[in-house]
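Keep in mind it's a predicted model, so treat the numbers as computed, not measured. Numbering of ligands and ligand atoms starts at 1, following listing order.
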Amino acid sequence: MRGDLDRVLFDEPAIHRRLDDIAAQISKDYRERELTVIAVLHGSLMFVADLLRRIPLPLKLECLSVASYHGKARTSGEVIFNQITLPDIVGRDVLILDDILDSGNTLAAVRETLETAKPQSIRVCVLLSKKKQRAREVETDYIGFEIEDEFVVGYGLDFRERYRNLPYIGVLRRELLDQPDK
Ligand code: IMP
Ligand code: MG
C-alpha cells in the first residue's frame with residue numbers, strides 16, 4: 001500500500017504528538033463539564049480512539065454514520081444519514097469529531113441536524129482541514145493539521161474503502177484517483 005502513495009505527510013509519531021496537544025486543549029476547555037462526543041464514522045475511527053484515550057474526563061461516546069462520497073474522490077454534495085434515530089443530546093455539551101474537512105458539506109449537514117436536537121453547545125474537531133474554497137463554511141474549534149487540497153489516505157481515511165488501516169497519513173498517487181472503479 002505504501003507504493004500507492006506519492007508521499008507521507010504525517011507519520012505515526014507526528015500524529016500522536018499533535019493528538020497530545022489537542023487532547024490537552026479539549027481537556028482544559030471542558031474541565032468540570034460532561035462531554036458528549038459524536039464520532040462521524042468511518043473515517044474518524046482511528047482518530048477518535050487515539051484522541052479519547054488522551055482525554056481524562058467523564059464523557060459519552062456516540063457514533064454517526066454518514067455517506068457523502070459514494071466511493072468517489074469528489075464530493076457529491078448530498079449527505080445521507082445511515083441511522084434512523086439521532087443520539088439524545090438535549091442540554092448536552094457536544095463535540096463532533098470527524099476525519100477531514102473538505103467541501104464542508106458533511107460537517108455542515110451533521111452540525112445542522114444535531115442543532116435541531118437542542119444541545120447546550122456544539123463544537124467541531126477535525127483531524128485534517130484542507131486549505132480551499134468550501135461549498136459550505138463550517139466553524140471548526142480544533143484542527144489537527146491544515147493540508148493542501150490533495151487527496152489523502154491512511155489513519156482511517158480511505159479511497160474506495162481501502163488504506164484506512166495505514167498507521168500514517170499520505171497523499172495518494174494522482175493516477176490512482178483517475179482509474180475506473182473496479
Ligand atoms: P466534505 O463533505 O467534502 O467536507 O467531505 C467529508 C468527507 O469526505 C470526509 O469525512 C471524508 O470521509 C471524505 N474525504 C474528503 N476529502 C478526503 C480525502 O482527501 N481523503 C479521503 N477522504 C476524504
Ligand atoms: Mg468521513
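- Distances from ligand 1 to the non-hydrogen atoms of R134 include no value under 4.0 Å.
- At least one N or O atom of G104 sits closer than 3.5 Å to an N or O atom of ligand 1.
- Assignment of L172 to the shell around ligand 1 is not supported, since no heavy atom sits closer than 4.0 Å.
- Between K130 and E150, no side-chain nitrogen of the basic residue sits less than 4.0 Å from a carboxylate oxygen of the acidic one, so the salt-bridge criterion is not met.
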Original post:
What's the verdict on side chain to side chain contact (heavy atoms under 4.5 Å, CB included) for I147 and I100, showing C-alpha distance, side-chain angles and the deciding distance?
Top reply: CA-CA 10 Å; I147 61 168; I100 188 164; 4.1 Å; yes
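- Residue contact annotation: S103 has a non-hydrogen atom under 4.0 Å from ligand 1.
- The side-chain heavy atoms of L166 and L5, taken from C-beta on, include a pair separated by under 4.5 Å.
- A 4.5 Å side-chain heavy-atom check between R134 and L101 finds at least one atom pair inside the cut-off.
- At least one heavy atom of I100 lies less than 4.0 angstrom from ligand 1.
- Every atom of ligand 1 is numbered from 1 in the order shown, and the set under 4.0 Å from a heavy atom of K130 is 16 (N), 17 (C), 18 (C), 19 (O).
- Near D158, the atoms of ligand 1 lying under 4.0 angstrom from a non-hydrogen atom of the residue are 21 (C), 22 (N).
- Where the criterion is an N or O separation shorter than 3.5 Å, residue side chain and backbone included, V152 meets it with respect to ligand 1.
- The shortest side-chain heavy-atom distance between F10 and R18 does not fall under the 4.5 Å cut-off.
- Only the side chain of D99 comes within contact range of ligand 1, with a heavy atom under 4.0 Å; no backbone atom does.
- In summary, the atoms of ligand 1 found under 4.0 Å from a heavy atom of L157, numbered by their order in the structure, are 21 (C), 22 (N).
- I38 pairs in a side chain to side chain contact (heavy atoms under 4.5 Å, CB included) with only one of the listed residues (L97, I89, L95), which is I89.
- Between K132 and D102 the shortest side-chain heavy-atom distance falls below 4.5 Å.
- The pair E112-R136 meets the salt-bridge criterion, with a side-chain N (NZ, NE, NH1 or NH2) lying under 4.0 Å from an Asp/Glu carboxylate O.
- By the 4.0 Å heavy-atom criterion, E150 is counted among the residues contacting ligand 1.
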